[in-house]
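Given the structure is predicted, the values throughout are model-derived calculations rather than measurements.
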Amino acid sequence: MRDLKYLTYFENLLQEANNELIDQAKKDGKICVAYVCENTPEPLMNLGNAFGVRLFAPNTGSMDVATYYMTSLLCETTRALLERAIEGGYNFADCVIAPDGCTMMNRCVENMELLRTMGEGNDSFFHEYMEIPLKADENGVNLLVLQCKNHILKPLHEKYGIDISDASIRKAVEEHNEVCRIIREIGDMRKERKPRITGYEFHVLTLATYVAPKYLLIDKLRETLEELKTRKPDDTEYRARVAVVGSEVDDIGFIKVIEDTGAYVCADRFCFGSLPGRDVIELNDEEDALTQLCRSYVYRGQCPRVMNMEKVYGRKAYVNDIAKEYGADGIIYEQIKFCDPWAYEKTVGSVMLRDDYGYPVLSVDRPYNISSSVGQMRTRVQAFVESIEIKRLQGGAK
């Protein structure tokens with residue numbers, strides 16, 4: 001396929017946490033709200049003069065200093081983020097908001113605060129820690145509303161004068177929805193028998209929408225969508241279509257390793273992916289926008305932190321639904337090394353999706369930066385793809 005006009009541009013945005021669009025937004029006088037978990041209602045990071053950026057640590061190398069503070073038993077994502085913060089890589093942030101999606105991430109941000117890695121010379125800088133519901137019910141909605149008021153809206157208004165009115169929230173949701181509609185329309189092209197966009201390209205576009213100011217991305221996203229509508233796909237057939245499920249995938253190299261084996265990543269049910277992270281948020285006029293926004297996050301979320309049995313079983317059913325919708329032949333269940341919530345979820349989910357739903361499943365743990373184990377991962381994925389091909393020949397594939 002012909003290269004996308006802006007693919008290199010989007011790839012370059014993902015090479016540094018402090019990318020050129022963050023720098024431009026800061027020069028525009030915008031307030032940068034950094035956050036670290038998908039459970040944080042994203043539109044609230046983009047109210048008024050603020051823009052949200054999800055912290056990540058591209059091209060991570062040594063994590064020795066962060067390991068000293070956090071031990072080698074905590075997940076590599078949190079250690080990578082702390083290492084980058086200590087290096088001064090997040091000095092663009094004007095605040096950090098950390099929900100207790102997991103204790104490891106909380107500990108990461110607490111170390112950032114104790115070590116004073118950000119906010120030098122900014123008297124308005126703040127760290128905030130939110131409690132996240134353990135159950136997807138109306139009590140959970142009420143808890144998230146209270147937490148958002150106390151730990152996002154109130155400090156943003158008091159420290160930076162951000163407009164936190166209902167009208168401001170509705171405007172932020174609509175701007176958020178425009179990005180979601182574009183990403184989901186592009187993502188739906190993956191359902192085609194011969195897709196006009198690769199899983200790698202789609203992941204690059206989606207990840208960019210989390211780590212750069214959306215108002216500076218939107219024009220190029222629109223143009224990319226129009227370009228894809230007339231793009232001619234390759235005639236070659238993929239060996240297998242796979243859905244990738246699990247914890248966050250910050251490293252675009254991981255998706256590339258999978259597709260280098262001849263597989264096609266047709267669906268992305270991982271933290272900060274498009275499913276369900278880029279679902280449109282519908283608001284009505286009968287209820288305040290904040291409550292509706294929080295309800296959307298509580299009920300649609302697929303985080304293993306939510307433990308009521310309806311959600312525990314529902315997460316596997318959701319993977320089955322998207323695997324059917326996007327035509328997946330198999331599922332790759334992945335987790336960052338030492339991620340406790342996804343380790344349990346992956347163990348149960350791998351068994352259920354294989355035994356109850358009939359999918360071939362590859363279960364892997366991986367480093368934050370895949371470059372340290374490319375050969376091993378490629379071998380495992382290659383063997384998985386071959387097993388799907390064998391089952392297909394035997395007439396046993398789903």
Task: Electrostatic pair Glu223:Lys5 at N-O distance under 4.0 angstrom - done: yes

When you measure from the side chain of [X] to the backbone N and O of [Y], does any donor-acceptor pair fall under 3.5 Å?
X	Y	result
Glu334	Arg366	no
Thr261	Ile258	yes
His176	Arg278	no
Asp100	Ile132	yes
Arg239	Glu389	no
Asp163	Ser168	no
Asn369	Thr60	yes
Asn284	Glu287	yes
Asp329	Arg241	yes

Open item on the list: Is the shortest side-chain heavy-atom distance between Leu55 and Tyr35 below 4.5 Å?
Closed with: no

- [ ] If you link ILVMFWY side chains whenever their heavy atoms are less than 4.5 Å apart, which other residues fall into the same cluster as Val312? By chain and number, please.
- [x] Met309, Tyr313, Val348, Met352

If you compare all heavy atoms of [X] against all heavy atoms of [Y], which two are closest, and at what distance to 0.1 Å?
X	Y	answer
Leu353	Lys316	CD2-O, 3.7 Å
Ile197	Arg190	CG2-CG, 4.2 Å
Ala66	Glu83	N-OE1, 2.8 Å

Open item on the list: Would you say CD of Glu310 has more than 12 non-hydrogen atoms from neighbouring residues, nucleotides or ligands within 6.0 angstrom?
Closed with: no

